[in-house]
Amino acid sequence: AVPTVTITSPPDQSNVSSSFNVQTTTSDPSMSVTKVEYYVDWTLQSTDTTSPLASNMATTGLAAGQHVIAAMAYNAAGVRACYAVTVNVQ
């Protein structure tokens, strides 16, 4: 089966400042989700393997403007799913 991942915070098109939490929900109908990778502009920032699967992200060093935040979930078989939102760094 294919896992699912959703970024529940921050919402798409939201404004963020110096640091923010990225929170996700994951599921897989037939096996466990083993990890979630977090990306800023498609560059890996952190990997979480413990529940709840959430990551603190510092936006220090990011230029003001829009950036893509993505979460990639993997199940025990290595199958992955991705979800992305765009945030506006103030």
>> If you define the side chain from C-beta out and look only at heavy atoms, does anything of Val5 sit under 4.5 Å from Thr25?
In response: no
>> Donor-acceptor check, side chain of Thr34 to backbone of Tyr74, threshold 3.5 angstrom: yes or no?
In response: yes
> Is there a chain of hydrophobic side chains (I, L, V, M, F, W, Y, each step under 4.5 Å between heavy atoms) that links Val89 to Val85?
Replying inline: yes
> Can you tell if the side chain of Pro3 reaches within under 4.5 Å of the side chain of Val79, non-hydrogen atoms only?
Replying inline: yes
>> side-chain contact (heavy atoms from CB on, under 4.5 Å), that's the test. Do Gln90 and Val16 meet it? Break it down for me.
In response: CA-CA 6 Å; Gln90 301 294 293; Val16 296; over 6 Å; no
> If you round to the nearest 0.5 Å, how far is OG1 of Thr24 from CE of Met72?
Replying inline: 13.0 Å
> Just checking, any donor-acceptor pair under 3.5 angstrom between side chains of Tyr83 and Thr4?
Replying inline: no
> Taking all non-hydrogen atoms of both residues, which atom of Ala1 and which atom of Asn75 are closest, and how far apart?
Replying inline: O-ND2, 3.0 Å
>> Restricting to side-chain contact (heavy atoms from CB on, under 4.5 Å), what partner residues turn up for Ser9, sequence neighbours left out?
In response: Gln23
>> Restricting to non-hydrogen atoms, name the atom on Arg80 and the atom on Val2 that form the minimum distance, rounded to 0.1 Å.
In response: O-CG1, 4.4 Å
> Under the salt bridge (Lys or Arg N to Asp or Glu O under 4.0 Å) rule, what pairs show up with a residue in residues 36-49, not counting sequence neighbours?
Replying inline: Lys35-Glu37
>> With a 4.5 Å cut-off on side-chain heavy atoms, are Asn88 and Gln13 touching?
In response: yes
> Got Val68 and Trp42 here, is their nearest side-chain heavy-atom distance under 4.5 Å?
Replying inline: yes
>> Just so I know, are the side chains of Ile7 and Val22 near enough to count as touching, which here means a heavy-atom distance under 4.5 Å?
In response: yes
> Going by atom types alone, do Asp28 and Ser30 pair a side-chain donor with an acceptor below 3.5 Å?
Replying inline: yes
> In Å and rounded to the nearest 0.5 Å, what is the CD1 to CZ distance from Ile69 to Phe20?
Replying inline: 4.0 Å
